[in-house]
> 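One structure, pasted below without further comment.
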Amino acid sequence: MKIICVGRNYSDHIEELSNQKPENPLVFLKPDSSVIAKNQNFIIPSFSDDIHHEVELVVKINKVGKHIDNSFSHNYYDEIGLGIDFTARDIQYNLKEKGYPWEKSKAFDNSCMVGKFVNKNNLEDISCIKFTLKKNNELVQTGCSSDMLWKIDELISYVSQYFTLKIGDLIFTGSPSGVSRVESGDILEGFISSERMFTLKVK
Ligand code: ZN
């Protein structure tokens, strides 16, 4: 199983980090070892002082495909979930500055929280999926799939030009604004509409 992540897919988040809008989706991978095991906490790694949460809609691929045409993308997923792309922002800034790959800041152990999934047919409107993240009961991130620069179908088509998609692969579709540092003791709760998708404790 592989995890394909999309960066800079929401204008408000591009602005909050003073990044440039990319010409094409910005893509990076996380290994399967980055996934937090069920019912486990997120443990802040010793190598970073600035771990950020990025809440993101997650698409679960349900069949093998490559070079998928945009008009067929919807056949490649049934379920949508919510997750957190944890990012060691301090390390990422250093790597970005040097033009180095981001993996140490994005793909480390436990950097990937995957919550519950729902069937896309149970969602009211797939083009407008509203999601939120609460930190210690305070709303910190709000997003809607309608604000994505590249929509789910476009992302599936784009990434499948480079990577064969396999059953169970996950696509993290990018974070809206509101990313912030996590601290030991924080409780993170993710919702799609009013449905709770995960609760995660930071240690
Ligand atoms: Zn992200």
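FYI, side chains are in, hydrogens and waters are out, and symmetry mates aren't considered; it's all heavy atoms of this structure. Read the numbers this way: they start at 1 and go in the same order the structure lists the ligands and their atoms. Heads up: numbering here begins at 1 and tracks the sequence.
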> Can you list every pair that meets salt bridge (Lys or Arg N to Asp or Glu O under 4.0 Å) and has a residue in residues 22-34, with sequence neighbours left out?
K30-D85
> Using a cut-off of 2.8 Å, how many protein N, O or S atoms lie below it in distance from the Zn ion (ligand 1)?
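For the Zn ion (ligand 1), the figure is 3.
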> Side chains of S48 and D50: any donor to acceptor distance under 3.5 Å?
no
> List for me each residue that meets side-chain hydrogen bond (donor to acceptor under 3.5 Å, both in side chains) alongside D169, sequence neighbours excluded, and say none if there are none.
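Listed in chain order: K2.
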> Once rounded to the nearest 0.5 Å, what's the spacing between atom CG of L133 and atom OG1 of T142?
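Spacing of CG (L133) from OG1 (T142) equals 9.0 Å.
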> For F198, give me all partners under ring pair (Phe, Tyr, Trp, His ring centres under 6.0 Å), at least two apart in sequence or on another chain.
none
> Indicate whether the side chain of Q141 and that of T132 have a donor and an acceptor atom separated by less than 3.5 Å.
no
